[in-house]
Amino acid sequence: MVSIVKEKRITTAVASWLFACVLISAGPCRAERAPAHAVASAHPLATQAGVEILERGGNAFDAAIAVSAALGVVEPFSSGFGGGGFWLIHRSDDGKQVMIDGRETAPALAHERMYRDAQDNVIRDASMKGPLAAGIPGMPAGLVHLAEHYGRLPLRQSLAPAIRYAEQGFKVTSRYHRLAAYMTDTLNQYPAAAGIFLQNGKPPRIGYQVRQEDLARTIEAIAEKGLDGFYRGPIAQRMVREARKHGGIWSLEDLSAYRVVEREPIVASYRGTRIVSAPPPSSGGIVMAQALRMLEQFDLDEMSSVQRKHHIVEAMRRAFRDRAVFLGDPDFVDVPTDRLLDQSYLEGLALTIDAANATPSDILGNGPAPPQAGTQTTHFSVLDKEGNRVAGTLSVNTLFGACFVTQGTGVLFNNEMDDFSVKRLTPNAYGLIGDEANAIAPGKRPLSSMTPTFLETPERIGIVGTPGGSRIISMVLLAALDFADGGLPQSWVSLRRFHHQYQPDQVQFELHGLTEFEQQRLAGLGHELREISRRYGNMQAILWDQAENRVYSASDPRGEGLAVVVE
Ligand code: DON
């Protein structure tokens, strides 16, 4: 019987560990093995899938496969087999840290102007709906890679919970109902998608069972044949045929050419915390590291809450400016990572922060506005008792991705192509602007904001991440600052959130994210403020306090996720 506890209990095993520590160590006492496994994800069934696999002898990587696959089934509006993701991993045996990049790639027929009309105007829907909006999925390849190189169990076993959920169905929650209601019109344009995710063309009632038998067969094919089950053969043929029929440009070669890439994480430090985070094609690690390095120039602890927030906002503004100008897929453009993380460059940028005035973004460079961010995509964190860990952020981009399912496969296509800069300095779904570095090209990966992250000191290990489009980076940044202040996961996931992304030139904040007083004072410093009418983010976090030998985990109170610590 698996005992699932939110609070860790002291056991005899822990007591003997403490004794051993005292005997063999003169320095600070750190546990090499964790006293518990922990899984935090955005859906209780996905967390249970991870725990099930850990209890059957799997390691954190097997559990990550189980959680990722399960999320793709039970949170179809957030991620899935037709999408992609990043898995940041730490292997305890040898300390290897790497990011598995399963980001989607642009098909070979993609080109820079593919989402513009003859007058060069952006055709908004084209990069958002239907198969033309979809990049070649990386999720199946990411799972196969994890199983082949890091897992201990056969892929079939790690995928079993997801196959079960797809076959037997999962219950519609109020969140599912609300999000399906939001996308009903678009889903209804694609009957295969509407048939699965809606109930007679309407948002399914709460408690309705969503079954995905075709998807179960697709996952089984991956379990049996690995990459060939998805990227070659009948499923691939079906996806290409259907995509083409509905205006898409995928080819069989695009699918068979898909590869995950292992990338070295971005490593930075902030006041004694080592930050290990997502490298390009994610912007997350670089933007967060830049902001933290700028903030290190100030004593945030000595500041009033208004001054602290003003400085954080100004650091975000400057880091997101560099995102817009320099960042893109490193296999296609020369990302000047060293220069962007150069200490004197960032000290110089920090010097331009004026304590008494907001810096207008326009004087840092140019660009227009309009925003819009969803709350989809998904994140999970896993720690096993051997100390292996995974921070995974997975996505189909906006709600239900492209809303397009290929008949007979159950695969819901992503609309990640919109993360490219479809036209220079024209905002994407998150109001983000980009330049040449993030222009569309065949085989290229769109720039992402997904920021799976480890936070490390000699005594504390944090595993964290969240969905939230461009705001992912600022959410993880705020969590990193709280970690550095000694906060626990429950605090990171509950922090009140605010954000600046250079353009639009405004401080965005969630409902109650800034007090009335802070709003007045920040406005007085020249900031334009914009309240988002709801709370945003869905952070999933784990902390292993090696000094206390205690594991904590927490799931964002804004979502319906589940975080567990299993002793
Ligand atoms: O990769 C990215 O940055 C986006 N596709 C993530 C989308 C996301 O977080 C949606 N949630 N609001």
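Numbering of ligands and ligand atoms starts at 1, following listing order. As the structure is a prediction and not an experimental result, all values here were calculated from the model.
- Within the structure, the closest approach of Tyr430 to ligand 1 falls below 4.0 Å when heavy atoms are considered.
- Between the side chains of His379 and Thr393, at least one donor-acceptor pair of N or O atoms lies under 3.5 Å.
- When each atom of ligand 1 is checked for a heavy atom of Arg103 under 4.0 Å away, the hits are 1 (O).
- Across the listed options Asp419, Thr451, Asn538, Asp419 owns the non-hydrogen atom lying nearest to atom 2 (C) of ligand 1.
- Below 4.0 Å from some heavy atom of Ser449 lie the following atoms of ligand 1, by number and element: 1 (O), 2 (C), 3 (O).
- Each of the following atoms of ligand 1 lies closer than 4.0 Å to a heavy atom of Glu416: 1 (O), 4 (C), 5 (N).
- The side-chain tip of Arg471 points at the ring of Tyr536 from less than 6.0 angstrom away and within 45° of straight on.
- The atoms of ligand 1 that sit less than 4.0 Å from any heavy atom of Ser395 are 5 (N), 7 (C).
- At a heavy-atom cutoff of 4.0 Å, ligand 1 is contacted by the side chain of Ile472 but not by its backbone.
- Polar contact with ligand 1: absent for Pro467 (N/O pair, distance under 3.5 Å).
- Using a cutoff of 4.0 Å between basic side-chain nitrogens and carboxylate oxygens, Glu75 and Arg175 are scored as salt-bridged.
- A cation-pi arrangement, defined by a distance under 6.0 Å to the six-membered ring centre and an angle within 45 degrees of its axis, is present between Arg339 and Phe326.
- Note on Arg424 versus Asp435: salt bridge recorded, some NZ/NE/NH1/NH2 to OD/OE distance being below 4.0 Å.
- For the pair Arg389 and Phe454, the distance from NZ or CZ to the six-membered ring centre is under 6.0 Å and the angle to the ring normal is within 45 degrees.
- Residue-to-ligand polar distances place Gly469 within reach of ligand 1: an N/O pair is separated by less than 3.5 Å.
- Proximity of His379 to ligand 1, defined as any heavy-atom pair under 4.0 Å, is not found for any part of the residue.
- The closest approach between a heavy atom of Arg471 and any atom of ligand 1 is not below 4.0 Å.
- Judged as a salt bridge (Lys or Arg N to Asp or Glu O under 4.0 Å), not a single pair has a partner in residues 39-49 (not counting sequence neighbours).
- Between Phe400 and Tyr176, the ring planes are perpendicular. Angles over 60° get that label, and only those under 30° would be called parallel.
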